[in-house]
Amino acid sequence: MKIGYPCINRTIGCTSNATFRLASYAEEKLVKKIESNLDCVLRMLQFNVAHDILFFRISSDIIPFASHPICTFDWPTHFQDTLANIGRFIRKHSIRISMHPDQFVVLNSPDLLVVYNSFRELKYHCFLLDALDLPQTAKVQIHIGGVYGDKTKALNRFVATYNTLPKFIKKRVVIENDDRLYNLNDCLRVHEQTGVPVLFDVFHHKCNPTKDSVASGLKRAAATWKKKDGVPMIDYSAQEKGKRPGAHAEQINSGQFKKFLKQIHGVDCDIMLEIKDKEKSAIKAVKIISDFRL
DNA sequence: AGTTGTCAAGCTAGT
DNA sequence: ACTAGCTTGACAACT
């Protein structure tokens with residue numbers, strides 16, 4: 001059971017999200033940004049290992065404009081050595097890696113251009129994980145997409161498009177239940193028709209529930225992960241008090257988290273904390289888990 | 001040096 | 001018909 005946090009570390013003072021404006025695109029700028037982003041991601045991973053945080057979500061912005069047609073730069077070759085070095089570090093310390101492309105990846109859109117752009121975006125994410133030489137356990141999580149007034153048709157479109165994806169993408173894509181449109185049952189239906197693993201988002205499950213308790217929801221989702229996909233990943237967050245429903249908590253609530261661990265007792269999974277203070281809560285969670293095991 | 005409008009991309013729900 | 005919100009951050013153009 002590994003603990004992780006997404007993309008940003010607020011302690012060490014570097015960012016792996018540095019980008020620039022499309023209007024001022026220049027290859028030289030791109031190279032500089034990628035260089036500093038890759039440098040930072042390794043520093044974050046080193047920080048994490050030092051704190052027993054062995055799960056991490058790499059920012060989609062690490063290679064700016066990677067899926068945009070303007071970017072013809074061969075970054076996998078240019079940064080071959082750096083990428084290999086980061087990949088070695090990840091494998092050496094058995095760090096679990098995920099990525100989560102933005103809301104623009106919509107495989108079930110009726111607009112073919114949107115589907116095509118989504119494909120390019122997925123391709124980029126999988127290229128990166130391949131360039132790091134990571135196993136199939138490194139995943140790219142996406143949502144099912146829009147509803148467009150007819151959920152059944154929209155679900156069928158997702159299945160049809162998913163089935164056309166090349167192997168190097170299929171082996172990494174997992175789908176996540178969202179907080180408004182597609183709940184766990186919808187994801188499981190898609191799984192039945194495609195075999196795609198389902199990443200259980202505990203907080204979204206509370207916003208957009210099925211009849212399942214957290215424990216039974218997790219068990220059903222966990223059963224969709226094959227051995228080669230690795231231990232099931234889950235997303236964990238909680239409601240920030242006083243904010244609109246669905247707003248993520250500022251910091252982890254230790255009592256709540258302990259209660260959650262008790263609920264899911266017996267199911268192994270890697271937990272991504274979608275909590276705003278990032279590594280701070282992750283460090284607390286690592287401590288809680290190690291106490292829990294005693 | 002500090003402030004602030006804006007940033008590649010989609011969708012839904014609320015006005 | 002339009003826009004806030006999503007994971008918010010941070011770029012870059014302006015005082």
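All chains are named by letter (A, B, ...) in the order of the sequence lines, taking the proteins before the strands, and each is independently numbered beginning at 1.
- Listed nucleotides: B:dG10, B:dC11, B:dA8. Nearest to the side chain of A:R21: B:dA8.
- Separating the NE2 atom of A:H125 from the P atom of B:dA8 is a distance of 17 Å, rounded to the nearest angstrom.
- Residue A:S109 places at least one side-chain N or O under 4.0 Å from the OP1 or OP2 atom of B:dC11.
- Using a cut-off of 4.0 Å between Lys/Arg side-chain N and Asp/Glu carboxylate O, A:K219 and A:D212 are scored as not salt-bridged.
- Summarising the geometry of A:F56 relative to A:M272, their closest heavy-atom pair is C-CE, 3.9 Å, with the distance given to 0.1 Å.
- The side-chain ring of A:F104 is stacked on the base of B:dA9, judged by centre separation under 5.5 angstrom and plane angle under 30 degrees.
- As rounded to whole Å, 5 Å separates atom C1' of B:dA8 from atom NE2 of A:H68.
- Among the protein residues, A:V105 comes within range of no part of the nucleic acid, since none of its heavy atoms lies under 4.0 Å from any strand.
- Atom CG of A:L113 and atom P of B:dA8 are 17 Å apart (whole Å).
- In terms of polar N and O atoms assigned as donor or acceptor, the side chain of A:S67 comes within less than 3.5 Å of the base of B:dA8 in a complementary pairing.
- For the P atoms, the distance from B:dA8 to C:dA12 is 9 Å, rounded to whole Å.
- The nearest whole Å value for the distance from the CG atom in A:D102 to the C1' atom in C:dG5 is 13 Å.
- B:dG5 sits 13 Å from C:dA4 when the P atoms are compared, rounded to a whole Å.
- Looking at heavy-atom distances under 4.0 Å, A:E121 makes contact with a base.
- Rounded to whole Å, atom C1' of B:dC7 lies 11 Å from atom CG of A:D61.
- With rounding to the nearest 0.5 angstrom, the CG atom of A:L273 is 9.0 Å from the CD1 atom of A:I234.
- A:H143 and A:Y182 have their aromatic ring centers separated by at least 6.0 angstrom.
- In the set C:dC11, B:dG10, C:dG9, the nucleotide with an atom closest to the side chain of A:A18 is C:dC11.
- Under the 30°/60° scheme for interplanar angles, the aromatic rings of A:Y162 and A:F158 are found to lie parallel.
- Pair check for C:dT7 finds none; no Watson-Crick or G-U wobble contact set falls under 3.5 Å.
- Following rounding to the nearest Å, A:N117 (CG) and B:dA8 (P) show an atom-to-atom distance of 14 Å.
- Per the geometry, CD1 belonging to A:I62 stands 21 Å off P belonging to C:dT7, to the nearest Å.
- Nucleotides B:dT3 and C:dT7 have their P atoms positioned 29 Å apart, rounded to a whole Å.
- Using a 4.0 Å heavy-atom criterion, one finds that A:R10 contacts the sugar-phosphate atoms exclusively.
- Atom name P, nucleotides C:dA10 and B:dG10: the rounded distance is 24 Å, in whole Å.
- Nearest-nucleotide positions on DNA chain C for A:R180 and A:L22 put A:R180 closer to the 5' end.
- With rounding to whole Å, A:L107 atom CG is found 11 Å from B:dC11 atom P.
- Checked for salt-bridge contact, A:D235 and A:R57 meet the test: a charged N lies under 4.0 Å from a carboxylate O.
- The side chain of A:S24 places an N or O atom within less than 4.0 Å of a non-bridging phosphate oxygen (OP1 or OP2) of C:dA12.
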